[in-house]
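Here's the structure, in structure tokens; my notes come after.
Here the structure is a predicted model, which means the values were calculated and not measured.
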Amino acid sequence: VSVFTFGAFDVRDAQGALLGSDSETDGAITAGYAMANPAWLGGRGSTGAALEFVHEAAGGSPVGVSLGGLVPVDSVVMGWSLRRLGPAVDGFSLPSTARVGVAFEPWTVLRCSVEGGMDLSARSALGAGGLEFRPHPAVSVLAGYGWSAARAGLGGLTGVSAGLSVRLGSLGVDYAYQPFGSLPASHRIALVWSPRAPDAKATNPPHEEVPRTPVPPHRTSRKAVRKR
């Protein structure tokens, strides 16, 4: 479950007279399931699927389906994903992407990752890299940078992200910080529950899940621009 609030903003009429203030909040619910790969897929790694429902205050309420998998190859973990596949609702759709990537651990407390792919909605290339530092088995500090050809002209710190993840048994809390160039930065907090306490090395996926929210940056930016 994720909630994204834009805070208070002024509401004005066509002549610019102040009518008062308002606030908007987006929300999302995601449910997923993963299982070990069967023998006919090599028997190593895992494959999973997720269903995501998003409600946007300035848009529709689309639903998306995601698929992905991890395959360990020696000391490297290879991954793939198809994210947020689904039809548009009231003219709005979730940003569908296809990605492949690799992650490796040069030291036991550090994980590095790099990935590339395609934004299927904008038909543009994607690239990203990330670092995950684990000073304690229950704590992870994450930082990453994501590049998109569709956002290449934006200035500021667009693309940078950082986060902190804490796991206590089957419960966890994730925090993420993501700036949007000249627009206000976002601070996101997610509560996580898993039926089983995960392995410390598999607790946090590499770069892409640093923000851990289904609210896409480029759509958030458009809404913020309209409100100004």
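- For the pair S165 and L142, the minimum side-chain heavy-atom distance is below 4.5 Å.
- The shortest distance between side-chain heavy atoms of C112 and P106 falls below 4.5 Å.
- Of all the heavy atoms in W147 and A125, the pair that sits closest is CZ3-O, 3.7 Å.
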Checking V141 against E132 for the side-chain contact (heavy atoms from CB on, under 4.5 Å) test, could you report, in this order, the C-alpha distance in whole Å, the side-chain angles of both residues, the deciding distance, and whether it holds? CA-CA 6 Å; V141 180; E132 178 185 350; over 6 Å; no
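- Residues passing the side chain to side chain contact (heavy atoms under 4.5 Å, CB included) test with A185 are Y177, P179, sequence neighbours excluded.
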Run the side-chain contact (heavy atoms from CB on, under 4.5 Å) test on D26 and V54 for me, step by step, so that the C-alpha distance in whole Å, both residues' side-chain angles and the decisive distance to 0.1 Å come before the verdict. CA-CA 8 Å; D26 290 351; V54 176; 5.7 Å; no
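- The two residues R99 and E115 make their nearest non-hydrogen contact at NH1-OE2, 2.5 Å.
- With rounding to the nearest 0.5 angstrom, the CZ atom of F133 is 12.0 Å from the CG atom of L164.
- From W193, atom CH2 reaches atom CG of L171 across 9.0 Å, with rounding to the nearest 0.5 Å.
- Here the closest heavy-atom approach between residue P62 and residue P87 is recorded as CB-O, 4.4 Å.
- Using modelled atom types, one finds a donor on one side chain and an acceptor on the other under 3.5 Å when comparing R188 with S186.
- Pairing each heavy atom of I189 with each of Y175, the nearest pair is CG1-CD1, 4.0 Å.
- Residues W80 and V71 form no side-chain contact, since every pair of their non-hydrogen atoms from C-beta on lies 4.5 Å or further apart.
- Here the side chain of S66 pairs no donor or acceptor atom with the backbone of A50 at under 3.5 angstrom.
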Show every donor-acceptor pair shorter than 3.5 Å between a side-chain atom in residues 31-39 and any protein atom, with sequence neighbours excluded, or say none if there are none.
| from | atom 1 | to | atom 2 | distance (Å) |
| --- | --- | --- | --- | --- |
| N37 | OD1 | T47 | N | 3.3 |
| N37 | OD1 | T47 | OG1 | 2.5 |
| N37 | ND2 | R44 | O | 2.6 |

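- A 4.5 Å side-chain heavy-atom check between R111 and R134 finds at least one atom pair inside the cut-off.
- Between R167 and D174 there is a salt bridge, since a side-chain N of the basic residue sits under 4.0 Å from a carboxylate O of the acidic one.
- Between the side chain of S96 and the backbone N or O of R84, at least one donor-acceptor pair lies under 3.5 Å.
- Using a 4.5 Å cut-off between side-chain heavy atoms of Ile, Leu, Val, Met, Phe, Trp and Tyr, with links allowed through other members, M118 and L67 fall into the same hydrophobic cluster.
- Residues V100 and V114 do not share a hydrophobic cluster, defined by chaining ILVMFWY side chains whose heavy atoms lie under 4.5 Å apart.
- Under the 4.5 Å side-chain heavy-atom criterion for Ile, Leu, Val, Met, Phe, Trp and Tyr, L120 and V65 are members of distinct hydrophobic clusters.
- For D119 (side chain) and S121 (main-chain N/O), a donor-acceptor pair under 3.5 Å exists by modelled atom type.
- Atom CG of L51 sits about 8.0 Å away from atom OG1 of T30, to the nearest 0.5 Å.
- The two atoms that bring V102 and M78 nearest to each other are CG1-CG, 4.0 Å, heavy atoms only.
- A donor and an acceptor atom, one from each side chain of S161 and Q178, are nowhere located under 3.5 Å apart.
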